[in-house]
Amino acid sequence: MSALALSVLLSFVSAVAYAGGAIVQERVAVSGPGRQYAPLRRPGWWAAVALNGVGGLLHVVALAYGPLSLVQPLGALTIVLALPMAALFVGRRAGATAWRGAVMATVGLAGLLSLVGASEAQSLDTAERTAVAVVTGGAVVALMLAARAAHRQPAVRSMLLATASGIAFGMSSVFTKTVAVDWTGGISGADLPSLAVIGVLATAGMLLSQAAYRDAGLAAPLATLTVVNPVVAAAVGITMFGETFRYGTTGTVLALGCGAVAAGGLILLTTERIARTERDAAVETGSVTEAETRTVTGLVGVAEPVMAGAGPVAAGPGR
């Protein structure tokens, strides 16, 4: 097997592991009491941690055998793979709108990442690392506060937490890159603060993603953090590491278009989930009739049966 083929295979298995971890996280979230960030006593939680760890390790190994321009876009497959895997293993099928949003987010993200060009290895000095860590921490805390304020809108709350998770994961990648560059010249005690930041951000990303799955199912939070993670890292790479888009102005325009497609997919997933939540709440309280429920379902583009006795095909289990 060639190095390129091995890289593709490892990237695919990595995406499968990430998708599996997300599915397990969501199952733990909807079956557990309250809004737990770290259900440490649940075996499923540790299984999700292990799957995410395997996914990350395989991703790093794939980068050793293949080019970044190939491996990074393949990571976007996590979003699409999670939907059929959820249907297969937990018996929950995604609706048409969820599929459209997931495909749009995946295509947009893959296109965007494929356009980010490589640059010479660079690091950040102490002042830059401090500034980046402070800004990142502030952004994550602000999103958490906003999510708390949006407790009456569960889907919005979950998207805010997923965005915070994506930022934490993305910035942990940035710090990982700086440490990796520094270590080419030998390990130094000066890198210990950066290693601590990596640990804090990676842990925060995991805990925030767990909470995000509580109220918005699988597809929308997973797509959000999967898109935000590399986009944030790429933005820092472009602004602070001297990275650029391929093909000059044309590549920049294409990248903006891909970003718009990915954003459209996230919006589609979020609005679909909000509409579904409102519909489910109305049905539970008896404030709408069966015919009205069918109309709302059509508006969000989900072709699911609504007759008595038919099971919903919600993106998240536990309904």
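In this chain, residues are counted from 1 in sequence order. Any value given below was found using the heavy atoms of this structure, including those in side chains, with hydrogens, waters and symmetry copies removed. Everything quoted here is computed from the prediction, not taken from an experiment.
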Do [X] and [Y] share a hydrophobic cluster, counting only Ile, Leu, Val, Met, Phe, Trp and Tyr and linking them when any side-chain heavy atoms are less than 4.5 Å apart?
X: V200; Y: V174; answer: no
X: L218; Y: F89; answer: yes
X: I79; Y: V231; answer: yes
X: V236; Y: L256; answer: no
X: L57; Y: Y18; answer: no

Do [X] and [Y] have side chains that get closer than 4.5 Å, going by heavy atoms?
X: T163; Y: L208; value: no
X: M206; Y: Q25; value: yes
X: T136; Y: L201; value: yes
X: L109; Y: P230; value: yes
X: W99; Y: L83; value: yes
X: L222; Y: Y213; value: yes
X: F245; Y: L254; value: no
X: M104; Y: L269; value: no

Heavy atoms only: give me the nearest [X]-[Y] pair and the separation to one decimal.
X: A76; Y: T106; value: O-CG2, 3.3 Å
X: I23; Y: A86; value: CD1-N, 3.5 Å
X: V24; Y: G44; value: CG1-O, 3.0 Å
X: V132; Y: M240; value: CG2-SD, 3.7 Å
X: P221; Y: A162; value: O-CB, 3.6 Å
X: A62; Y: S11; value: CB-OG, 3.5 Å

Closer than 3.5 angstrom, by distance alone: can the side chain of [X] be matched with the main-chain N or O of [Y] as a donor-acceptor pair?
X: Y65; Y: A5; result: no
X: E128; Y: D125; result: yes
X: T270; Y: L266; result: yes
X: E26; Y: R214; result: no
X: S31; Y: R27; result: yes
X: T226; Y: A223; result: no
X: T224; Y: M159; result: no
X: N229; Y: L225; result: no
X: T176; Y: S172; result: yes
X: W45; Y: A38; result: no

Note to self: For S194, give me all partners under side chain to side chain donor-acceptor pair (under 3.5 Å), at least two apart in sequence or on another chain.
What the structure shows: R129
Check: What pairs with S158 under side chain to side chain donor-acceptor pair (under 3.5 Å), at least two apart in sequence or on another chain?
Finding: none
Next item on the list: Can you spot which of L161, V135, I167 makes a side-chain contact (heavy atoms from CB on, under 4.5 Å) with V140?
Entry: I167
Measure the spacing between [atom1] of [X] and [atom2] of [Y] and express it to the nearest 0.5 Å.
X: T78; Y: M85; atom1: OG1; atom2: CE; value: 9.5 Å
X: L81; Y: S14; atom1: CG; atom2: OG; value: 10.5 Å
X: S209; Y: N52; atom1: OG; atom2: CG; value: 7.0 Å
X: L195; Y: F175; atom1: CG; atom2: CZ; value: 11.0 Å

Item checked: Test side-chain contact (heavy atoms from CB on, under 4.5 Å) applied to S165 and F169, step by step -> CA-CA 6 Å; S165 174; F169 278 132; 3.4 Å; yes
Checklist line | Between S114 and R246: side-chain donor-acceptor atoms closer than 3.5 Å | finding: no
Next item on the list: For L40 and W46, run side-chain contact (heavy atoms from CB on, under 4.5 Å): C-alpha distance rounded to whole Å, both residues' side-chain angles, the deciding distance at 0.1 Å, then the answer.
Entry: CA-CA 7 Å; L40 302 180; W46 293 107; 3.8 Å; yes
Next item on the list: Go through F12 and L77 one step at a time and tell me if the side-chain contact (heavy atoms from CB on, under 4.5 Å) criterion holds.
Entry: CA-CA 8 Å; F12 180 81; L77 288 173; 4.3 Å; yes
